[in-house]
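Fair warning: this is a prediction, and the values are worked out from it, not measured in the lab. Ligands are counted one by one from 1 in listed order, and the atoms in each one are counted from 1 as well.
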Amino acid sequence: MSSQMITVWLLQIQEEAEAGVVFSQRHGAICPACNQRAKIYSTRPWEGSVRIRYHRCSNPQCFLCRAGKTIKSVEEDVTGVETA
Ligand SMILES: [Zn+2]
């Protein structure tokens with residue numbers, strides 16, 4: 001990989017971390033850089049059918065971890081409409 005390609009890749013990863021990755025009940029949020037489960041440090045209340053969480057990667061090899069970057073995750077309640 002050329003250094004230019006690495007730079008593009010790093011930017012894409014950071015964009016993904018800022019835009020939000022998918023939060024899975026089973027797997028949590030996966031760090032877009034190293035594919036390891038990122039630790040939750042903040043959980044927001046449900047807003048409609050969406051819940052936002054903030055994570056930090058704890059993999060010392062990972063550049064998102066080393067940069068202290070926040071990873072946002074989005075959980076969507078797919079069961080959707082509440083039934084009374
Ligand atoms: Zn990572």
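Residues H55 and S73 bring a donor and an acceptor atom of their side chains to less than 3.5 Å of each other.
Taking both residues in full, the closest heavy atoms of G20 and V74 are given as CA-CG2, 4.5 Å, listed atom of the first, atom of the second, then distance.
I52 is not connected to V22 by any chain of hydrophobic side-chain contacts under 4.5 Å among Ile, Leu, Val, Met, Phe, Trp and Tyr, and they are in different clusters.
Considering the Zn ion (ligand 1) as centre, the angle to SG of C57 and to SG of C62 is 110° (10° rounding). The angle that C34 SG and C31 SG make at the Zn ion (ligand 1), rounded to 10°, works out to 110°.
The Zn ion (ligand 1) has no N, O or S atom of C65 inside 2.8 Å of it.
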Start with the C-alpha distance between E75 and R51, add both sets of side-chain angles, then the distance that settles side-chain contact (heavy atoms from CB on, under 4.5 Å), and finish with yes or no. CA-CA 5 Å; E75 181 185 2; R51 185 178 228 176; 4.2 Å; yes
